[in-house]
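Note that ligands are numbered from 1 as they come in the structure, with each ligand's atoms numbered from 1 the same way.
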Amino acid sequence: MANTIGKSWLVAKVGGALLKDGAALQSVLQVLQQLQTRYAVVLVHGGGDTTQALLEALDFSSEKIDGVRVTPKAHIPYVVGALAGTVNSEICAQAKVAGLNPVGLTLLDGGMCKAQITEPRFGSVGKVSPADSNLLTMLSNGDYLPVVASIACDEVGNLLNVNADDAAAVVAQLLSAELLLLSDVAGVLDQDKQLISQLDSAQISSLTEQNVIQGGMVVKVNSALATANQTQKSVFISSWKTPEQMLALLKGQSCGTCIVPNLQADSSKGTSL
Ligand SMILES: Nc1ncnc2c1ncn2[C@@H]1O[C@H](COP(=O)(O)OP(=O)(O)O)[C@@H](O)[C@H]1O
Ligand SMILES: CC(=O)N[C@@H](CCC(=O)OP(=O)(O)O)C(=O)O
């Protein structure tokens, strides 16, 4: 799928420690501006560290299970404040400095995603599904950069916390986009801490079973694989510490770890590489 002026979509996700490193965030945003020459870019962000710091400052205890925050309803005002408020506005402000034209959004804006609680043990945590791409298309055609915080709402208007890797995956599925998940590691690392350049479904299962892939990286590889399978496009897990490597995408090359889709029987759909 392309936006209406013919660019293909790229969804980039940032989170965690990048948001505490102003210089690194600025470098990533400047690279995204270069990627806009080829792609209609959408930036999805997390901010788990900022959220954790706010909850601790308010004397709430908060835990993550396999990279997903257990979110009692009483925490929601503060989680929303941190993600859709502070972090979203700070990224938009930095994006303006980088010469981009950001518009801050959440997953509920323009009805882009639907959400519901599927695992009550996590509290007010939403599982999202793609719904309506019109708003993102309109913004992209106007040369704006949509900056999307991982907050959604259910059918009756309850605000829900969404893991930002899941959020980025679903926005990529909505747009049939290439997906770039940026983290603080070069990509998925093997047992000797060496970068794995390419991973398929079987290798992901095996490395997860062996606990080589753990914690937040489990959510990332699963979101990446689900998206690759749905879009039949490769997904990249790469580092925000080396943003210049993202420019390889302009040449149709890979960066970090490339998660490859299971090939569908329908061979009319090609991969992005
Ligand atoms: N096999 C692995 N390769 C790379 N990182 C891994 C692996 N297993 C676990 N991790 C951890 O996953 C982290 C990235 O996930 P996460 O902290 O959720 O990132 P972010 O906040 O950027 O979304 C890495 O910093 C690393 O500590
Ligand atoms: C449900 C859930 O896990 N929500 C996450 C949303 C932010 C996030 O994912 O941020 P990172 O990308 O920086 O980890 C949280 O509250 O931390």
Side-chain angles (χ1 to χ4, degrees), residues 12-21 24-25 28 43-56 60 62-73 75-88 90-91 106-107 115-128 148-152 159-171 179-197 199 203-224 237-241 256-257 259:
K13 182 262 171 173
V14 298
L18 169 63
L19 306 173
K20 294 190 294 193
D21 183 338
L25 176 59
V28 167
L43 181 59
V44 177
H45 68 82
D49 292 3
T50 308
T51 306
Q52 183 70 30
L54 178 63
L55 290 171
E56 278 174 16
F60 288 114
S62 183
E63 59 159 342
K64 283 194 168 189
I65 301 174
D66 284 338
V68 178
R69 185 181 307 282
V70 179
T71 312
K73 197 168 184 178
H75 293 193
I76 277 289
Y78 312 106
V79 171
V80 173
L83 295 176
T86 307
V87 175
N88 188 269
E90 279 178 356
I91 293 177
T106 68
L107 296 165
Q116 58 179 353
I117 295 175
T118 56
E119 289 196 68
R121 71 190 170 113
F122 284 107
S124 293
V125 168
K127 180 165 172 51
V128 272
V148 186
S150 61
I151 296 295
L159 291 169
L160 299 175
N161 185 11
V162 179
N163 179 272
D165 293 316
D166 288 342
V170 168
V171 174
L179 174 62
L180 176 59
L181 298 172
L182 294 171
S183 188
D184 58 352
V185 279
V188 184
L189 307 179
D190 66 16
Q191 53 275 30
D192 302 318
K193 304 286 175 213
Q194 298 301 306
L195 177 68
I196 304 170
S197 59
L199 277 177
Q203 292 163 311
I204 287 172
S205 302
S206 152
L207 289 171
T208 306
E209 265 167 37
Q210 294 164 38
N211 280 327
V212 174
I213 299 177
Q214 301 175 337
M217 193 51 77
V218 176
V219 183
K220 235 177 266 303
V221 290
N222 288 332
S223 298
I237 298 177
S238 182
S239 175
W240 49 258
K241 294 180 178 172
T257 301
I259 309 289

At what distance is the nearest protein heavy atom to atom 20 (P) of ligand 1, and which residue and atom is it?
Lys220 NZ, 3.5 Å
What is the nearest protein non-hydrogen atom to atom 10 (N) of ligand 1, stated with its residue, atom name and distance?
Met217 CB, 3.6 Å
Would you check if Val171 and Leu107 make a side-chain contact, meaning some heavy-atom pair closer than 4.5 Å?
yes
Of all heavy-atom pairs linking Val128 and Ala152, the shortest is CG1-CB, 3.9 Å
Have a look at Phe122 and tell me which of Ile65, Asn163, Ile117 forms a side-chain contact (heavy atoms from CB on, under 4.5 Å) with it.
Ile65
Ring pair (Phe, Tyr, Trp, His ring centres under 6.0 Å) filter on Tyr78, not counting sequence neighbours, yields Phe60
Looking at atom 25 (O) of ligand 1, tell me if a protein heavy atom falls under 4.0 Å from it.
yes
Can you confirm, on distance only, whether ligand 1 has an N/O atom lying under 3.5 Å from any N/O atom belonging to Gly215?
no
Has Thr257 got a side-chain atom pairing as donor or acceptor with Val188's backbone, closer than 3.5 angstrom?
yes
Might you point out which heavy atoms bring Leu55 and Ser62 nearest each other, and give the distance in Å?
CD1-OG, 3.6 Å
Check whether any N or O atom of Gly15, backbone or side chain, sits under 3.5 Å from an N or O atom of ligand 1, and answer yes or no.
no
Out of all atoms in ligand 1, which are within 4.0 Å of some heavy atom of Gly216? Include the element for each.
15 (O), 18 (O)
Sole candidate of Glu63, Gln52, His75 that passes side chain to side chain donor-acceptor pair (under 3.5 Å) when paired with Arg69
Gln52
Numbered atoms and elements of ligand 1 in range of Gly187, under 4.0 angstrom, heavy atoms
3 (N), 4 (C)
Considering only protein heavy atoms, which is closest to atom 21 (O) of ligand 1, and at what distance to one decimal place?
Gly16 CA, 3.6 Å
If you scan protein heavy atoms around atom 19 (O) of ligand 1, the nearest is Ser183 OG, 3.2 Å
Closest heavy-atom contact between Gly187 and Met217?
O-CE, 4.1 Å
For atom 3 (N) of ligand 1, the protein heavy atom that lies nearest, with its residue and separation:
Leu189 N, 2.9 Å
Heavy-atom closest contact (Asp192 atom, Asp190 atom, distance):
N-OD1, 2.8 Å
Looking only at protein heavy atoms, which one is nearest to atom 1 (N) of ligand 1, and what is the separation?
Val212 O, 2.8 Å
Mark up the atoms of ligand 1 that fall under 4.0 Å of a heavy atom belonging to Lys13, in ascending order.
23 (O)
Side chains of Ser206 and Gln210, donor plus acceptor under 3.5 Å:
yes
Between ligand 2 and the protein, tabulate every N or O atom pair separated by less than 3.5 Å, reporting distance only.
{"unit_1": "ligand 2", "atom_1": "3 (O)", "unit_2": "Arg69", "atom_2": "N", "d": "2.8"}
{"unit_1": "ligand 2", "atom_1": "4 (N)", "unit_2": "Asn161", "atom_2": "OD1", "d": "3.0"}
{"unit_1": "ligand 2", "atom_1": "4 (N)", "unit_2": "Asn161", "atom_2": "ND2", "d": "3.3"}
{"unit_1": "ligand 2", "atom_1": "9 (O)", "unit_2": "Ala164", "atom_2": "N", "d": "3.0"}
{"unit_1": "ligand 2", "atom_1": "10 (O)", "unit_2": "Gly47", "atom_2": "N", "d": "3.0"}
{"unit_1": "ligand 2", "atom_1": "10 (O)", "unit_2": "Gly48", "atom_2": "N", "d": "3.0"}
{"unit_1": "ligand 2", "atom_1": "12 (O)", "unit_2": "Lys13", "atom_2": "NZ", "d": "2.6"}
{"unit_1": "ligand 2", "atom_1": "13 (O)", "unit_2": "Gly16", "atom_2": "N", "d": "2.6"}
{"unit_1": "ligand 2", "atom_1": "13 (O)", "unit_2": "Gly47", "atom_2": "N", "d": "3.2"}
{"unit_1": "ligand 2", "atom_1": "13 (O)", "unit_2": "Gly48", "atom_2": "N", "d": "3.0"}
{"unit_1": "ligand 2", "atom_1": "16 (O)", "unit_2": "Arg69", "atom_2": "NE", "d": "2.7"}
{"unit_1": "ligand 2", "atom_1": "16 (O)", "unit_2": "Asn161", "atom_2": "ND2", "d": "2.9"}
{"unit_1": "ligand 2", "atom_1": "17 (O)", "unit_2": "Lys64", "atom_2": "NZ", "d": "3.3"}
{"unit_1": "ligand 2", "atom_1": "17 (O)", "unit_2": "Arg69", "atom_2": "NE", "d": "3.3"}
{"unit_1": "ligand 2", "atom_1": "17 (O)", "unit_2": "Arg69", "atom_2": "NH2", "d": "3.1"}

Heavy-atom nearest pair, Lys13 first then Ala164, reads CE-CB, 3.6 Å
Kindly indicate whether atom 12 (O) of ligand 1 is approached by any protein heavy atom to under 4.0 angstrom.
yes
Hey, are Asp165 and Ser223 close enough side-chain-wise for a donor-acceptor pair under 3.5 Å?
no
When you measure from atom 8 (N) of ligand 1 to every protein heavy atom, which one gives the shortest distance, and what is it?
Gln214 N, 3.1 Å
Any chance NZ of Lys127 has more than 12 other-residue heavy atoms, nucleotides or ligands included, within less than 6.0 Å?
no
